[in-house]
Amino acid sequence: MESSSNGLRKGTWTAEEDILLRKCIDKYGEGKWHQVPLRAGLNRCGKGCRLRWLNYLQPSIKRGNFSSDEVDLLLRLHKLLGNRWSLIAGRLPGRTANDVKNYWNTHFSCCKSKARKRESTCSANSPIQSSCYKASTSIL
DNA sequence: AAACACGGCAACCGCTACCCT
DNA sequence: CAGGGTAGCGGTTGCCGTGTT
């Protein structure tokens, strides 16, 4: 399948890889991520295994839409902590840093992440962006 | 019905901090 | 105390699904 120059797989994880990783974590526990690919028999780098576990496979992860309470908390924490996603995620049970970051980038940073691709859709001074920002701050 | 544009999510990359020798 | 290696974090990118024209 696809692989990088050093022979490690990249891209989307398969169900088989998920199973192997989950089994490995069950058996050995979290940590020693550089050893996980060897233990699990995965052709992935340790960083990738950690990311997959943290963002997707952890049993405590809550998936789906953010509740209004969670959004409210997210906004307050972001105001307080800035882009410290891991800290914010730590205060939101069941949410991961990547989750929180993606949600923020999608719903509150409006033009920032997509501007590179679709500059024509809105400018830096776009009223959409400012209204989003106002919305995100006014709730505080 | 097909093509195009946009939104959302999963994953990768590079940098920094921390720990061990 | 210094150096090397590993873990963790944040930013960015690419892909896929959905909506619109």
Side-chain angles (χ1 to χ4, degrees):
Chain A
M1 298 298 275
E2 82 262 59
S3 59
S4 67
S5 56
N6 55 7
L8 294 175
R9 261 180 62 82
K10 289 168 75 171
T12 311
W13 282 63
T14 64
E16 288 78 17
E17 287 176 312
D18 283 348
I19 291 166
L20 287 172
L21 179 58
R22 189 178 277 124
K23 276 184 184 172
C24 178
I25 302 297
D26 281 346
K27 189 171 180 182
Y28 298 101
E30 292 180 52
K32 311 277 187 191
W33 291 108
H34 68 286
Q35 291 180 12
V36 167
L38 294 173
R39 289 170 169 171
L42 287 166
N43 198 23
R44 296 272 186 174
C45 74
K47 285 174 91 173
C49 294
R50 175 185 160 273
L51 200 66
R52 184 62 177 173
W53 174 255
L54 255 50
N55 291 333
Y56 202 82
L57 296 177
Q58 266 189 336
S60 59
I61 286 178
K62 198 194 298 180
R63 306 204 69 78
N65 292 334
F66 279 58
S67 68
S68 56
D69 281 351
E70 287 175 312
V71 174
D72 181 53
L73 192 54
L74 167 59
L75 290 170
R76 288 167 187 275
L77 288 169
H78 186 269
K79 174 94 173 173
L80 204 64
L81 301 169
N83 289 7
R84 303 280 174 248
W85 306 118
S86 59
L87 292 177
I88 295 171
R91 306 266 178 180
L92 291 168
R95 300 297 183 185
T96 68
N98 210 35
D99 236 6
V100 171
K101 181 169 60 181
N102 280 334
Y103 188 87
W104 182 270
N105 285 336
T106 300
H107 294 87
F108 298 113
S109 72
C110 293
C111 304
K112 282 179 186 170
S113 63
K114 299 293 181 183
R116 64 191 164 79
K117 275 185 184 176
R118 296 180 262 280
E119 288 176 79
S120 58
T121 58
C122 55
S123 69
N125 295 323
S126 155
I128 298 170
Q129 186 184 21
S130 58
S131 65
C132 283
Y133 185 73
K134 274 182 196 167
S136 69
T137 52
S138 66
I139 200 166
L140 300 167

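Below, chain A is the first sequence line, B the second, and so on; all start at residue 1. Treat the numbers as computed from the prediction; the structure is a model and nothing was measured.
- Taking atom CG of residue A/Asn105 and atom C1' of nucleotide B/dC9, one finds them 11 Å apart after rounding to whole Å.
- Side-chain nitrogen and oxygen atoms of A/Arg44 include none within less than 4.0 Å of the OP1 or OP2 phosphate oxygen of B/dA11.
- Few gaps surround CG on A/Asp26; more than 12 heavy atoms of other groups in view lie less than 6.0 Å from it.
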Report each atom pair, protein N/O against N/O of nucleotides 9-11 of chain C, whose distance is under 3.5 angstrom.
unit_1	atom_1	unit_2	atom_2	d
C/dC9	OP2	A/Arg50	NH2	3.1
C/dG10	OP1	A/Asn83	O	3.4
C/dG10	OP1	A/Trp85	N	3.2
C/dG10	OP2	A/Trp85	N	3.3
C/dG10	OP2	A/Ser86	N	2.8
C/dG10	OP2	A/Ser86	OG	3.4
C/dG11	OP1	A/Asn83	ND2	3.0
C/dG11	OP2	A/Trp85	NE1	2.9
C/dG11	N7	A/Lys101	NZ	2.5
C/dG11	O6	A/Lys101	NZ	3.0

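- Contact annotation: A/Arg52 reaches the phosphate of B/dA11 (side-chain N/O to OP1 or OP2, under 4.0 Å).
- By the 4.0 Å N-to-carboxylate-O rule, A/Arg76 lies close enough to A/Asp72 to be salt-bridged with it.
- Taking atom NZ of residue A/Lys10 and atom C1' of nucleotide C/dT13, one finds them 11 Å apart after rounding to whole Å.
- Look at CG on A/Leu57: it is 12 Å from C1' on B/dA10, rounded to the nearest Å.
- Under a hydrophobic clustering in which Ile, Leu, Val, Met, Phe, Trp and Tyr are joined whenever their side-chain heavy atoms come within less than 4.5 Å, directly or via other members, A/Leu92 and A/Leu81 fall into the same cluster.
- Whole-Å rounding puts the A/Leu38 CG to C/dT6 P distance at 11 Å.
- Using a 4.5 Å cut-off between side-chain heavy atoms of Ile, Leu, Val, Met, Phe, Trp and Tyr, with links allowed through other members, A/Val71 and A/Leu87 fall into the same hydrophobic cluster.
- For A/Asn55 and B/dA11, a side-chain-to-base donor-acceptor distance below 3.5 Å is absent, hydrogens and geometry of angles not being considered.
- Here A/Tyr103 lies out of heavy-atom contact (under 4.0 Å) with every strand.
- Within residues 26-35 of chain A, no residue has a heavy atom under 4.0 Å from DNA chain B.
- Here the shortest heavy-atom pairing between A/Arg95 and A/Phe66 reads NH2-CA, 3.7 Å.
- Look at CH2 on A/Trp53: it is 17 Å from C1' on C/dA7, rounded to the nearest Å.
- A/Ile61 and A/Tyr103 are not part of a single hydrophobic cluster, where members link through side-chain heavy atoms under 4.5 Å apart.
- Rounding to the nearest 0.5 Å gives a distance of 10.5 Å between CG of A/Leu38 and CG of A/Asn43.
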Give each protein N/O atom lying under 3.5 Å from an N/O atom of nucleotides 18-21 of chain B, with the pair distance.
none

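- Distance NE2 (A/His107) to P (B/dG7): 11 Å, rounded to an integer number of Å.
- Under the 4.0 Å criterion applied to side-chain N and carboxylate O atoms, A/Arg52 and A/Glu17 are not assigned as salt-bridge partners.
- By the neighbour-count criterion of 12 heavy atoms within 6.0 Å, atom NZ of A/Lys62 is densely surrounded, having more than that number from other residues, nucleotides or ligands.
- The local environment of CZ in A/Arg39 is crowded, with over 12 non-hydrogen atoms from other residues, nucleotides or ligands closer than 6.0 Å.
- For the pair A/Arg9 and B/dC12, the criterion of a side-chain N or O lying under 4.0 Å from OP1 or OP2 is not met.
- Under the 4.5 Å side-chain heavy-atom criterion for ILVMFWY residues, no single connected hydrophobic cluster contains both A/Leu42 and A/Leu51.
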